[in-house]
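A short write-up of the structure that comes next.
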Amino acid sequence: MIKVQREDFDVGAELDALARDNHAIGGIASFVGLVRDVAGAQSVGAMTLEHYPGMTEKMLAKTEAEARRRWPLETCLIIHRFGRLEPGDRIVLVATASAHRQAALEACAFLIDWLKTKAPFWKLEETAAGTRWVAARASDDQAAARWVAE
Amino acid sequence: MIKVQREDFDVGAELDALARDNHAIGGIASFVGLVRDVAGAQSVGAMTLEHYPGMTEKMLAKTEAEARRRWPLETCLIIHRFGRLEPGDRIVLVATASAHRQAALEACAFLIDWLKTKAPFWKLEETAAGTRWVAARASDDQAAARWVAE
Amino acid sequence: MKVLYFAWLRSKTGVAEETLAPPPGVTTVAGLIDHLKARGGGYADALKDLSCVRIAVNQEFAELDQAIGAGDEVALFPPVTGG
Amino acid sequence: MKVLYFAWLRSKTGVAEETLAPPPGVTTVAGLIDHLKARGGGYADALKDLSCVRIAVNQEFAELDQAIGAGDEVALFPPVTGG
């Protein structure tokens with residue numbers, strides 16, 4: 001399931017809903033991304049997440065479908081927020097449920113790695129020196145690439 | 001942090017507490033293990049988790065310390081229940097918080113893999129044919145072993 | 001043809017979305033980009049280093065040689081930084 | 001010396017915990033296990049295949065050749081199945 005929304009989400013409620021009444025599920029892996037504030041001169045006050053409505057949903061749905069193709073998942077969830085967020089705010093939740101923990105753990109790592117390089121979101125950070133667009137990181141490309149090589 | 005308890009836990013509240021007021025955290029990875037019921041002749045009604053009080057806490061604390069030694073974690077949580085549990089019930093929660101997602105994801109997988117082979121818990125399943133002690137699985141030993149090789 | 005700009009490509013061009021009739025001869029994304037750069041100003045600045053520009057055609061990632069026509073939606077944006 | 005049994009080792013011996021004075025000559029876990037097996041019955045049954053038995057001494061995993069003495073806590077149990 002895919003949700004793209006401005007509103008915050010309740011991690012506990014989302015995970016409970018994933019597993020409810022499905023006793024074939026042995027494990028739920030999840031990852032929550034938060035707005036980080038690096039102390040010091042680069043300190044971030046807040047950020048605004050811009051996205052490409054339409055393409056975002058399409059790319060997240062493709063990412064989910066690819067995870068389901070690769071691993072035996074009972075269910076799968078991606079929630080990604082957009083709009084203005086402050087340090088400590090939740091940005092993204094990916095969660096995977098499977099009979100077996102390795103499938104859940106691997107699919108969860110895959111989802112967040114792929115999403116980082118394929119979902120059309122851009123972060124505009126607010127700092128003491130003004131706003132700046134966050135640059136993409138080579139480490140994210142490398143993290144996504146290992147799922148191609150495998 | 002380590003908790004060994006009979007009571008259920010609130011995943012959302014636990015994850016929120018982990019990250020509260022620490023804006024250096026960029027991501028929280030977690031794994032929740034649930035009592036699974038395989039339909040059919042082997043159907044499990046419930047199970048009882050026995051453990052070795054004292055050694056359990058010691059082994060979980062060692063596992064946490066090893067994760068913190070290997071990855072730059074801001075914080076780390078293991079909750080493991082004991083006693084009688086029914087299908088769909090939560091058994092275990094491991095959660096790791098780090099500035100960077102790869103550290104959180106890898107440490108989370110490590111914690112659950114190690115815990116599976118090192119924490120002194122034993123599952124007694126109730127089936128239509130009576131009770132039976134769950135046998136350890138070679139796949140769990142293999143999953144734990146890959147963290148030694150690395 | 002609808003053309004969309006996101007993040008700093010939007011800031012530099014000053015335009016989020018525009019509808020344009022591509023001149024004859026513009027049959028690929030590369031052709032469209034050359035056409036836009038020829039406008040100069042913010043467009044030329046935004047598109048001067050294509051290694052920093054990603055392309056989507058009809059909401060799918062595409063390359064410079066992708067064929068495009070009047071009915072297409074073309075988006076130009078920096079490498080993504082979500083998650 | 002305190003000896004603890006868990007899971008099916010407890011079911012088979014019928015004992016969860018016992019305090020015993022190890023006879024002279026029992027200086028290792030292997031020696032203790034031989035001593036317990038010699039009791040026969042459930043003990044002999046529980047300890048007949050040591051490939052299925054794990055050992056902890058003072059709540060740390062240990063091997064058969066681990067030295068033990070009167071003040072130690074020795075636990076015998078199957079491979080763990082938590083998580």
Side-chain angles (χ1 to χ4, degrees), chain A residues 2 4 31-36 44 47-63 78-83 85 90-94 108-125 130-141 143-144, chain C residues 1-20 28-30 32-33 36-37 41-83:
Chain A
I2 300 301
V4 181
F31 179 81
V32 180
L34 303 170
V35 179
R36 195 157 65 96
V44 174
M47 65 163 61
T48 299
L49 263 158
E50 178 174 333
H51 79 119
Y52 181 177
M55 183 172 174
T56 302
E57 290 79 359
K58 217 181 248 192
M59 292 309 295
L60 294 182
K62 274 189 159 181
T63 302
I78 306 174
I79 305 178
H80 205 303
R81 295 176 70 189
F82 60 86
L85 299 172
R90 282 174 278 268
I91 303 170
V92 63
L93 168 68
V94 303
C108 178
F110 167 82
L111 284 175
I112 188 69
D113 281 350
W114 260 40
L115 180 160
K116 281 258 175 190
T117 60
K118 295 181 193 293
F121 286 92
W122 302 275
K123 289 183 181 129
L124 180 67
E125 286 181 347
T131 62
R132 63 167 179 228
W133 290 100
V134 173
R137 295 188 313 181
S139 63
D140 285 335
D141 287 334
Chain C
M1 179 182 297
K2 201 156 92 173
V3 186
L4 293 85
Y5 308 87
F6 291 97
W8 55 256
L9 274 106
R10 178 176 45 70
S11 312
K12 287 191 176 183
T13 61
V15 174
E17 183 178 329
E18 61 183 316
T19 302
L20 54 83
T28 63
V29 174
L32 172 66
I33 287 175
L36 294 169
K37 281 167 81 168
Y43 287 93
D45 184 33
L47 298 166
K48 67 175 182 281
D49 178 5
L50 293 184
S51 73
C52 299
V53 176
R54 298 292 175 271
I55 302 150
V57 173
N58 299 327
Q59 305 185 351
E60 304 272 359
F61 280 105
E63 301 295 328
L64 284 167
D65 60 0
Q66 166 97 32
I68 49 174
D72 289 327
E73 175 176 309
V74 180
L76 302 172
F77 47 75
V80 304
T81 57

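Values in this document were obtained by computation on a predicted structure and should not be read as measured data. Chain letters run A, B, ... following the sequence lines, proteins first and then strands; every chain starts at 1.
- When all heavy atoms are compared, the tightest approach of C:Gly82 to A:Lys123 is O-NZ, 3.6 Å.
- Not a single donor-acceptor pair under 3.5 Å links the side chain of A:Lys118 to the backbone N or O of C:Val80.
- Ring geometry for C:Phe6 against A:Tyr52 counts as tilted: the plane angle lies between 30° and 60°, on a 0 to 90° scale.
- Within a 6.0 Å radius of CD in C:Glu17, other residues, nucleotides and ligands contribute more than 12 heavy atoms.
- Of the listed residues (C:Ala7, C:Pro79, C:Ser11), the one with the most heavy-atom contacts under 4.5 Å to chain A is C:Ala7.
- Interface remark: A:Lys58 contributes side-chain atoms only to the contact with chain C (heavy atom separation under 4.5 Å).
- Between C:Phe77 and A:Glu50, every side-chain heavy-atom pair lies at or beyond the 4.5 Å cut-off.
- In this structure, the portion of C:Arg10 lying under 4.5 Å from any heavy atom of chain A is its side chain and not its backbone.
- Of the two parts of A:Leu124, neither the backbone nor the side chain holds a non-hydrogen atom closer than 4.5 Å to a non-hydrogen atom of chain C.
- Taken from OG1 in C:Thr81 to CE in A:Met47, the straight-line distance is 8.0 Å, to the nearest 0.5 Å.
- The choice from A:Ile78, A:Leu115, A:Val134 that makes the most heavy-atom pairs within less than 4.5 Å of chain C is A:Val134.
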